[in-house]
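Sequence lines set the chain letters: A, B, ... in the order given, protein chains first and strands last, and positions in each chain run from 1.
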There are 4 protein chains.
Amino acid sequence: MTESHGERKRRANGEESRRRILDAAAEVAGVRGYDGTSIALVSEKCGLPASSIYWHFKNKDDLLAAVIERSFDIWAEALTLPGDDTDPTRERVTALAGQVAKTLLDSPDFLRLGLMLTLERRPEEPSARRMFLQVRDTARARLAAVLTTLAPDADRDAIDLVTTYAIAGADGLLIAKEIGGDSVDLRPLFELHARALHDALARLAAGDPATETP
Amino acid sequence: MTESHGERKRRANGEESRRRILDAAAEVAGVRGYDGTSIALVSEKCGLPASSIYWHFKNKDDLLAAVIERSFDIWAEALTLPGDDTDPTRERVTALAGQVAKTLLDSPDFLRLGLMLTLERRPEEPSARRMFLQVRDTARARLAAVLTTLAPDADRDAIDLVTTYAIAGADGLLIAKEIGGDSVDLRPLFELHARALHDALARLAAGDPATETP
Amino acid sequence: MTESHGERKRRANGEESRRRILDAAAEVAGVRGYDGTSIALVSEKCGLPASSIYWHFKNKDDLLAAVIERSFDIWAEALTLPGDDTDPTRERVTALAGQVAKTLLDSPDFLRLGLMLTLERRPEEPSARRMFLQVRDTARARLAAVLTTLAPDADRDAIDLVTTYAIAGADGLLIAKEIGGDSVDLRPLFELHARALHDALARLAAGDPATETP
Amino acid sequence: MTESHGERKRRANGEESRRRILDAAAEVAGVRGYDGTSIALVSEKCGLPASSIYWHFKNKDDLLAAVIERSFDIWAEALTLPGDDTDPTRERVTALAGQVAKTLLDSPDFLRLGLMLTLERRPEEPSARRMFLQVRDTARARLAAVLTTLAPDADRDAIDLVTTYAIAGADGLLIAKEIGGDSVDLRPLFELHARALHDALARLAAGDPATETP
DNA sequence: TATGAATGAGACTTCATTCAT
DNA sequence: AATGAATGAAGTCTCATTCAT
């Protein structure tokens, strides 16, 4: 109780204000997308006037980039990819996929917003989009590393292919969930995906050139 | 007063104007998304004044729904799903997946715009979104029918699951292509996906309960 | 009385609206300068909403450029420079200067606004400024032509010099009037200026190299 | 707690901060005018936060008035008008005009900004404008004194007239230079002006009523 | 002697839409 | 079958200024 947080006219606290703005922006942007996120809406939701938002962020684009960055950081922290195990059993791959699925569904702000941004092709790319692609690349690199430990003999191109397919499946299933809502049970779907990945890895490990084009 | 003040061609051809508007709207919406598509932009792109757009369409929402509908129709026509063959060989499933991939990449307007709309959660759902979900359901039903012919013994839930997974993969791969551009070769990816689907179907046909949760 | 102008909801009349906007903008800009002229102020003064102003003009810059152009045209029309007379008597030059003085004081909008714009050095030049410099050049050319008829033997550089000096005097005296208000009587000042110009022309006609640097 | 968190130099030197602010404000105001000079721009240019500017100056108006005052002082110091000589030869008047021209071109901040302010007619006159008119009056008085020594017999009204004309010429030529840039050589122009002033003074000394209105 | 943070007002501009012709 | 003109609402962002520390 050394600092009563009930003070009337809030004493200036930049850190806390910034957080409140980011929270509000994440909430709005996750729902309405880039264009649909208006500063006025964020302002209303966080209780600070619009002009205060511009004290903390250069502009709307900058704000949304920050939203994506923070949301990704939270997600990446929640997801501790076990990178030391090298046993590509189906159980293990399934567990891995399940972990990813769960964390994605828990904090999907950056992913949903990011996918929306990804699908657009504006004349000048928003830095929020750039930020999404950047963090997505980070995640991709980590996943590729894990897959490499699971199929050490596979060449880089093959790993790349499976990595891309793994991510694509996750993206697609997230969308399926978005559309289907409660009628879609993600668990068996991610299991299906895990099995597909496992089999692909197994073929890779066996040197099966199944992924090559004839 | 013989109504001859110099207008040459295009003596008020409604059909043609409507088409020009739809073309322009499709182009803009495919690039900028729902919010990013302004009537002014469409007007500029099609050469007709904004008020003329409102003569042909009730409002922006209506216009975009029409865009999606038309784009889907074009796509559906291009894609003649062979629904009579019942041989679930890998080659056949692969060919099928390849066909879908190709047509999606050729006319992806409705899909890209639709996915953007899908990812948003507005208070009041745009009818463009509703339209997308509707045509998507049509496509889904057709795909489910095909899969059923390939695995006649599978139960409805299993077919549903694989159908959802099939669509999810397509969505995800489209996004991967969107992000990766030329550095992503969709062919082997769709082959991977086809193989995954084939294997799943095979397991289904064999009564393998692999997709059930333990 | 074929068209009662008392109609309630004004029937759309672009020409008239445009004029009203220009009138209002000229009034405001002449008083407040470029930055000081807000669209809201113009809107209030002309009775049309701000968005209507943007129907008629691309943006504020475009509007102010139009203000300058029109104001100049009005001025140029009011000032019929007698270009056929070639008698450089003092009376004639004085009359000429007086005419310029009078018309400048009658419609000084473009000049006052233009001079303000002239004195600024923005990173990107407003097109209103460019417009001012352009019409000013037009005026300058006409004046140079008149001076040439008055001193046909003078070379181009000399005419240029006197032209510049003539304009500078007019600018300066307008400013003096602006500052001094009623306490400044422009008539004798322009007479002084006219005399200076006459003497300079006379020296030029006589081949006196007085304007050359030693 | 020995107050030692690393600040090195500049231990809060008020005088120096004030100077930096004035420098920045002079630079900005000379370029953008009164309205165009924003506190944020000045802050950025001088490296001090906006709130610090308000510690040194009451408000923007106060700041710009200070800019004008200081700029004028610098100019006045640079210009040592020789007031003791009473020989109205052309050479002397020319030299005098040249001196004024040179100093004006060297430090024109106050003049350019002042002229911009002069041309505006706001509802409430900025004190910066008042300051400009005040220092301008000071300069005017000094010039009138010099002219009086050159034409001791002239009456006050005549001296006033010539003084006004002298200043108007200087203003106008500054504008000409502003517009013409390198293509305008001020030297012969100021010589022309000097000659005009000399002749006017000579006529005054001779009692020539040339400046009177018929 | 400063300054980080905040803020209401207002800047310019675009929005989707309507209406009279 | 169309369109020129208009319009209120809302958009992003900057403004000058204040205040607690």
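Residue D/His56 has a polar side-chain atom (N or O) positioned under 4.0 Å from OP1 or OP2 of E/dA2. In this model, the phosphate group of F/dC15 is approached by a side-chain N or O of D/Ser38 to a distance below 4.0 Å at OP1 or OP2. A sub-4.0 Å separation between OP1 or OP2 of F/dA1 and a side-chain N or O of B/Ser17 is absent.
Note: CD (A/Glu44) to C1' (F/dA10) measures 13 Å, nearest angstrom. For A/Arg19 and E/dA5, the CZ to P distance is 15 Å, given to the nearest whole Å. The distance from atom CG of C/Asp62 to atom P of E/dC12 is 14 Å, rounded to the nearest whole Å. Computed from coordinates, the A/Leu48 CG to E/dG4 P distance equals 18 Å when rounded to whole Å. In this structure, A/Asp35 atom CG and F/dT12 atom C1' are separated by 12 Å, rounded to whole Å. Rounded to whole angstrom, the span from the OH atom of A/Tyr54 across to the P atom of E/dG10 amounts to 19 Å. Distance C/Leu64 CG to E/dC12 C1': 12 Å, rounded to the nearest Å. In this structure, NZ of C/Lys58 is placed 15 Å from P of E/dC12, rounded to the nearest angstrom.
Residues A/Pro49 and C/Ala40 both approach DNA chain E. Their nearest nucleotides, taken by heavy-atom distance, put A/Pro49 toward the 5′ side. If you find the closest nucleotide of DNA chain F to D/Gly36 and to C/Glu15, the one lying nearer the 5' end belongs to C/Glu15. Comparing B/Arg18 and D/Asp61 by the nucleotide of DNA chain F that holds the closest heavy atom to each, the one mapping nearer the 5' end is B/Arg18. Nearer to the 5' terminus of DNA chain E, by closest-nucleotide assignment, is the contact made by A/Ile53 (compared with the other of A/Ile53 and B/Tyr34).
Taking only side-chain atoms of B/Ala50, from C-beta outward, the nucleotide of E/dT7, E/dT17, F/dT14 with the closest atom is E/dT17. Nearest to the side-chain atoms of C/Ile39 among the listed nucleotides E/dT18, E/dA9, E/dT13 stands E/dT13. Closest to the D/Ser52 side chain, of the nucleotides E/dT3, F/dT3, E/dT18, is E/dT3. Here the side chain of B/Asn59 is nearest to one of F/dC13, E/dG4, E/dT17, namely E/dT17. Proximity note for D/Lys60 (side chain, C-beta onward) versus E/dT13, F/dT12, F/dA16: the nearest is F/dA16.
A salt bridge is absent between B/Arg129 and B/Asp61; no separation between the charged side-chain nitrogens and carboxylate oxygens falls under 4.0 Å. Classification of B/Glu27 and B/Lys45 as a salt-bridged pair holds, one side-chain N sitting under 4.0 Å from a carboxylate O. Between B/Glu16 and B/Arg19, at least one side-chain N (NZ, or NE/NH1/NH2) sits under 4.0 Å from a carboxylate O, which counts as a salt bridge. Under a 4.0 Å N-O distance rule, the pair B/Arg130/B/Glu125 qualifies as a salt bridge.
Looking only at distances, no side-chain donor or acceptor of A/Asp62 sits under 3.5 Å from a matching main-chain atom of A/Phe57.
One N or O donor and one acceptor, one from the side chain of C/Ser51 and one from the base of F/dG8, sit under 3.5 Å apart. Side-chain to base pairing of A/Trp55 with E/dA5: no donor and acceptor N or O lie closer than 3.5 Å to each other.
Defined by atom type and a distance below 3.5 Å, a donor-acceptor pair is missing between the side-chain atoms of C/Asp35 and D/Tyr34.
Under the Watson-Crick and G-U wobble criteria, each requiring two contacts below 3.5 Å, nucleotide E/dT21 is paired to F/dA2.
If you check every strand for non-hydrogen atoms under 4.0 Å, B/Ser43 touches nothing.
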